[in-house]
Q: 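Below: one structure in structure tokens.
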Amino acid sequence: MSVALPVAVSPLRVLYVLRNLVHGHDWYGPSVSPGGYQQALPRDWYKRDALVVARALIGCYVAHARAGREPLVARIVETEAYRGPKDLACHARAGLTKRTRALLGEEGHAYVFFIYGMHDCFNVTCRGAGWGHAVLVRAAEPVSGFDEHTRLDGPGRFAKGMGISRGLDGHDLTAPPLWLAARDRRPRIAVTPRVGVAYAGEWADHPWRFMDAKSRCVSRPPKSAIGRPGKAKR
């Protein structure tokens, strides 16, 4: 599907279009030119394990259209994978509830939850209905539509800065007003254990947090919050 956003036609854009005609979509989704965020990732792009989607989301773009205003566009630089009921750090461990309905639903939807009584957190559902796989977007680089003081480093700041609230829980991410678009280059990715899930025991130690190794916009949690305190970080 296409979302009508203004994109300047340039020689570089023509090259990307020609490449798509010859090669089609690559593993990471439809290729786009820098600044071209109008084409949402297709449903089947999300029909993969959360570990695969979490890594592939690094460098992708998220856009939020707003009536009468410029869309907010950001480049994702940090994610975490959550892998269903057996993953004790994943909300799917609680089974089907009002809170987890979107999480356990079809892939390619938003799962937005409230935490610590103050923050909304944005997740992308994946793999398929019933699996409970999702990817938490932890940080992004502002691209357009933001004021100069906006920070998107951290899941709470990201959701707030992007204007994402629980009203978008269950939203279909292949359609406006909120959608994701493919990355235009493949970044170098660093990995660590997840943040703030020490309660999950050994599940907290898995290296399921992914980051753009060159980005200055990744979150900076204390070392004690990464994995389990006292455990070697992989």
Q: May I ask you to check if Arg48 and Trp45 form a cation-pi contact, with NZ or CZ under 6.0 angstrom from the six-membered ring centre and within 45° of the axis?
A: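 Yes, Arg48 sits over the ring of Trp45.
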
Q: Taking Asp49's backbone N and O only, do any of them form a donor-acceptor pair with His133's side chain (distance below 3.5 Å, no angle check)?
A: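 Looks like no, no N/O pair under 3.5 Å.
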
Q: Can Tyr199 be reached from Trp208 by stepping across I, L, V, M, F, W or Y side chains whose heavy atoms are under 4.5 Å apart?
A: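 Different clusters: Trp208 never reaches Tyr199 through Ile, Leu, Val, Met, Phe, Trp or Tyr contacts under 4.5 Å.
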
Q: Please tell me whether Phe113 and His91 form a close aromatic pair, meaning their ring centres lie under 6.0 Å apart.
A: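 Ring-ring flag for Phe113/His91: true, centres closer than 6.0 Å.
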
Q: Going through the distances and angles, do Thr125 and Glu106 end up as a side-chain hydrogen bond (donor to acceptor under 3.5 Å, both in side chains)?
A: CA-CA 7 Å; Thr125 63; Glu106 187 181 29; over 6 Å; no

Q: Please check this pair: side chain of His64 against backbone of Met162, looking for a donor-acceptor N/O pair closer than 3.5 Å.
A: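 Flag set: sc His64 to bb Met162 pair under 3.5 Å.
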
Q: Is the side chain of Arg101 donor-acceptor paired with the backbone N or O of Lys98 at a distance under 3.5 Å, no angle test?
A: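 Such a contact is absent between Arg101 side chain and Lys98 backbone.
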
Q: For Arg127 and Glu107, indicate whether the former's side chain and the latter's backbone hold a donor-acceptor pair under 3.5 Å.
A: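 Checked: no pair found.
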
Q: Is there a path of hydrophobic side-chain contacts, each under 4.5 Å between heavy atoms, that joins Val77 and Leu57?
A: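 The answer is no; the residues belong to distinct hydrophobic clusters.
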
Q: Is the count of non-hydrogen atoms from other residues, nucleotides or ligands lying under 6.0 Å from Trp203 atom CH2 greater than 12?
A: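 It does: Trp203 CH2 has more than 12 such atoms within range.
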
Q: Give a yes or no on whether Arg216 atom CZ has more than 12 heavy-atom contacts from other residues, nucleotides or ligands under 6.0 Å away.
A: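 For Arg216, atom CZ is not crowded (no more than 12 foreign heavy atoms under 6.0 Å).
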
Q: Can a side-chain donor-acceptor contact be found between His109 and Tyr46 if the only test is distance below 3.5 angstrom?
A: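 No - no donor-acceptor pair under 3.5 Å links their side chains.
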
Q: For the pair Asp205 (side chain) and Pro193 (backbone), establish whether a donor and an acceptor sit closer than 3.5 Å, ignoring hydrogens and angles.
A: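 Such a contact is absent between Asp205 side chain and Pro193 backbone.
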
Q: Do Glu78 and Ser219 have side-chain N/O donor and acceptor atoms under 3.5 Å apart?
A: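 On atom types as modelled, these side chains qualify, holding a pair under 3.5 Å.
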
Q: Do Arg138 and Phe122 meet the cation-pi criteria used here (NZ or CZ under 6.0 Å from the six-membered ring centre, within 45° of the axis)?
A: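 The answer is no; the distance or angle limit is not met.
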
Q: Keeping Arg66 on the side-chain end and Glu70 on the backbone end, is there a donor-acceptor pair under 3.5 Å?
A: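 Here the side-chain-to-backbone pair exists.
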
Q: Determine whether a donor-acceptor pair (N or O, by modelled atom type, separation under 3.5 Å) exists between the side chain of Thr100 and the backbone of Gly95.
A: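 Yes, the answer is positive, given that a donor and an acceptor are paired below the 3.5 Å cut-off.
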
Q: Hey, does the side chain of His171 reach the backbone of Ala175 with a donor-acceptor pair shorter than 3.5 angstrom?
A: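 Such a contact is found between His171 side chain and Ala175 backbone.
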
